Amino acid sequence: MSKGHATAWAQLPVSLNQLCLATVLRCGQSFRWKASGPDEWSCGFSDRIISLRQSPTHLHYRATFPSPPPKSAKDDTAEIVKDYFNLSIDLAALYEKWSLADPNFKKKAGEFKGVRMLRQDPWECLIGFICSSNNNISRIGQMVDKLCATYGTPLGTITHTSTNPLSPSSPSSENKTPPTEVAYYSFPTIEALTTPDVEETLKKLGFGYRAKYIYKTACMVHKDRPKGFLNTLRDEKDYKEAHAELIQFMGVGPKVADCVCLMSLDKMGAVPVDTHVWQIATRDYKFGKGKHRSLTPVVYEAVGDLFRELWGDAAGWAHSVLFTADLRTFSDRLENTKTTTTTTVKSKTKVKVEVKEEEEDEKIKLEDVKVEEVEGEEVKTIEKRVRKRGANGEVKAEVVVKTEEVTERRTRRRRG
DNA sequence: TATCGACCTCA
DNA sequence: GAGGTCGAT
């Protein structure tokens, strides 16, 4: 039982190929779903808590309202759920298409069915991903919880029953944790995050430098944009336009903007390139063939283009499948097929090779990388030009620094 | 255009 | 050091 007014459980026909709840709700799209039971998930929406369960053939849902709804009101929770999970899109058909176009996708997809993009509220999505920089899913979740508890509206409580999978062998006794009442809140409105105290409060709550970003962005959206601005990016702007609008906000770079485009603005081709995706591109798709030492804006876009060419219009959706497969949380699923390649830098030697007096030779690249590979050992020679400057900033000399990096690669198969 | 240090906290 | 961004150079 929970405080509040819960509707009866209802269901929607949804196969596991179309949606895998346990994966989709934990793969870093939304940070607000809580496990409220062994196979139950709950999340606060604007005026109600929605709880979900899944069987092989159905998605079960129910709503818990803070106060009894008028008898006349008909429950629109089904509509909310269909919309939130983008259920009008046939995911299985997309998997077919991607598998045909890409053997690597096909290989990974078997263990990761039903990974679809949510269709979240753009404002919540924006703030959630501003929190995501230099951060991990679990802490982002904790931060968003605090944000909601502090600036959101209470929606009631849900009784959480044991989610501890530890001892299914003795269901009768010991290891059961007692049920607890957990409070749920709505996500704060835009306006709620524009009060002058917000930055300081969030700092105290452990948001770090993101506190300022959130406050500033809230102010920008609220004061400098027309009402409903973020939602208009869905229909009135295409992907590029929406992306350009989003990176105007404080704390929003290309990656965060792509997350918002993909997960809340119906831009299925948006591919957020974070360090994971960058790894996937270089490791599994040989992107750049060892060039590119950092993820500059140009390289960022090139990675997205690579995947868009490979997977087509809904590349962002496809990317999410491989991204999820790469997450530590789910790494056990690939145990049987996986080969892991670990690379360790064995040695690194820097040698200053020559000193040039004030030479302006545009032909020398600022950085030149040569790679040789011998029996699992990779020797990279990096030539980097470093300018020594005097007190006035004038170039006094240029030093070419050669770095030899010896990398050892070990590939091993885990039990299979 | 690309690179670099700083930024908050927690692991 | 992390599932990034900002501001300066």
Side-chain angles (χ1 to χ4, degrees), chain A residues 26-31 115 125-147 198-217 220 243-244 246-263 270-283 288 291-304 316 319-331 344-345 362 364-369 382-395 398 401 403:
Chain A
R26 294 188 301 152
C27 71
Q29 294 190 53
S30 167
F31 307 103
V115 180
C125 196
L126 179 62
I127 297 302
F129 282 97
I130 286 177
C131 293
S132 75
S133 77
N134 263 319
N135 216 341
N136 56 64
I137 294 177
S138 131
R139 181 154 85 108
I140 300 165
Q142 294 173 26
M143 286 165 61
V144 174
D145 275 348
K146 289 179 191 168
L147 190 68
V198 168
E199 184 175 344
E200 190 192 329
T201 304
L202 294 183
K203 272 244 170 72
K204 281 183 190 148
L205 289 174
F207 280 64
Y209 60 87
R210 304 166 196 89
K212 183 169 79 181
Y213 293 165
I214 291 170
Y215 171 67
K216 295 260 188 201
T217 292
M220 289 174 78
H243 192 272
L246 289 170
I247 57 176
Q248 301 305 310
F249 296 120
M250 183 68 62
V252 181
K255 189 265 178 179
V256 170
D258 271 328
C259 287
V260 177
C261 281
L262 177 64
M263 303 173 194
V271 180
V273 183
D274 57 20
T275 54
H276 277 244
V277 177
W278 171 241
Q279 298 260 32
I280 293 171
T282 52
R283 182 198 350 113
K291 288 185 203 169
H292 311 303
R293 307 216 110 243
S294 63
L295 194 54
T296 65
V298 174
V299 178
Y300 182 98
E301 201 174 341
V303 174
H319 126 283
S320 168
V321 178
L322 295 196
F323 173 83
T324 302
D326 226 49
L327 283 179
R328 272 185 159 280
T329 330
F330 305 117
S331 60
T344 37
V345 177
E362 296 300 327
I364 302 178
K365 289 178 192 164
L366 225 59
E367 188 173 315
D368 200 16
V369 185
I382 304 159
E383 287 188 15
K384 199 169 182 178
R385 235 167 40 143
V386 180
R387 298 199 177 104
K388 300 280 180 191
R389 291 177 187 278
N392 301 322
E394 82 281 11
V395 177
E398 285 189 346
V401 181
T403 310

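Bear in mind the structure is a predicted one, so any value in this text is a computation, not a measurement.
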Over all strands shown, is A:Leu327 touching base, sugar-phosphate only, or nothing at heavy-atom distances under 4.0 angstrom? base
Just jot down the ring pair (Phe, Tyr, Trp, His ring centres under 6.0 Å) partners of A:Phe249, sequence neighbours excluded, or say none. none
Do the non-hydrogen side-chain atoms of A:Leu327 and A:Cys27 ever get within less than 4.5 Å of each other? yes
Starting at CD of A:Glu199 and ending at C1' of B:dC7, how long is that distance when rounded to a whole Å? 13 Å
Picking from C:dC6, C:dG3, B:dT3, the nucleotide nearest the side-chain atoms of A:Tyr213 would be C:dC6
Checking A:Tyr213 now: which residues fulfil ring pair (Phe, Tyr, Trp, His ring centres under 6.0 Å) with it, not counting sequence neighbours? A:Tyr209
So do the side chains of A:His292 and A:Thr282 get within less than 4.5 Å of each other, counting heavy atoms only? no
Heavy-atom distance under 4.5 Å between the side chains of A:Val299 and A:Lys291, does that happen here? no
Want to know the stems of DNA chain C: at least 3 consecutive Watson-Crick or G-U pairs with distances under 3.5 Å, which are they? B:2-7 with C:4-9
Base, sugar-phosphate alone, or nothing: which one does A:Gly28 contact when heavy atoms must sit under 4.0 Å apart? base
Find which nucleotide of DNA chain C each of A:Ile247 and A:Cys27 is nearest to by heavy atoms, and output the residue with the more 5' nucleotide. A:Cys27
What is the distance, to the nearest angstrom, from the CG atom on A:Leu246 to the P atom on C:dC6? 12 Å
Rounding to a whole Å, what distance do you find between A:Glu301:CD and B:dA2:C1'? 16 Å
Would you indicate, yes or no, if B:dT1 has its OP1 or OP2 atom less than 4.0 angstrom from a side-chain nitrogen or oxygen of A:Thr296? no
Write down the distance between CD1 (A:Ile214) and P (C:dC6), rounded to a whole number of angstrom. 14 Å
Nearest to the A:Ser294 side chain among B:dT3, C:dG3, B:dA2, which nucleotide is it? B:dT3
Contact check, side chains of A:Asn135 and A:Arg210, non-hydrogen atoms, under 4.5 Å: yes
At under 4.0 Å between heavy atoms, what does A:Val252 touch on the DNA or RNA strands: base, sugar-phosphate, or nothing? sugar-phosphate
Is there a donor and acceptor pair, one atom on the side chain of A:Tyr300 and one on the base of C:dG4, closer than 3.5 Å? no
Would you mind classifying the nucleic acid contact of A:Pro272 as base, sugar-phosphate or nothing, using non-hydrogen atoms under 4.0 angstrom? nothing
Which nucleotide in B:dA2, C:dG3, B:dC8 has an atom nearest any side-chain atom of A:His276: C:dG3
Take the protein atom NZ of A:Lys212 and the nucleotide atom C1' of B:dC8, then report the distance between them rounded to whole Å. 12 Å
Using whole Å, what does the distance between atom C1' of nucleotide C:dG3 and atom CD1 of A:Ile140 come to? 7 Å
Check every strand shown and say whether A:Phe129 touches a base, only sugar-phosphate, or nothing at a heavy-atom separation below 4.0 Å. nothing
Nucleotide N/O of nucleotides 9-11 of chain B paired with protein N/O under 3.5 Å:
unit_1 : atom_1 : unit_2   : atom_2 : d
B:dT9  : O2     : A:Arg139 : NH2    : 3.2

Rounded P spacing from B:dC8 to C:dA8 in Å: 15 Å
Nearest whole angstrom, please: distance from the P of C:dG4 to the CG of A:Leu126. 16 Å
Sorted by chain and residue number, the salt bridge (charged side-chain N to carboxylate O under 4.0 Å, His left out) partners of A:Glu301 (sequence neighbours excluded) come out as none
Compare all side-chain heavy atoms of A:Phe323 with those of A:Asp274 and state whether any distance is below 4.5 angstrom. yes
Nearest-angstrom distance from the residue atom NZ of A:Lys255 to P of C:dA2: 14 Å
Surrounding NZ of A:Lys146 (heavy atoms of other residues, nucleotides or ligands, distance under 6.0 Å), is the total greater than 12? yes
Going by the rule ring pair (Phe, Tyr, Trp, His ring centres under 6.0 Å), which residues pair with A:Tyr300 if we only count those two or more places apart in sequence or in a different chain? none
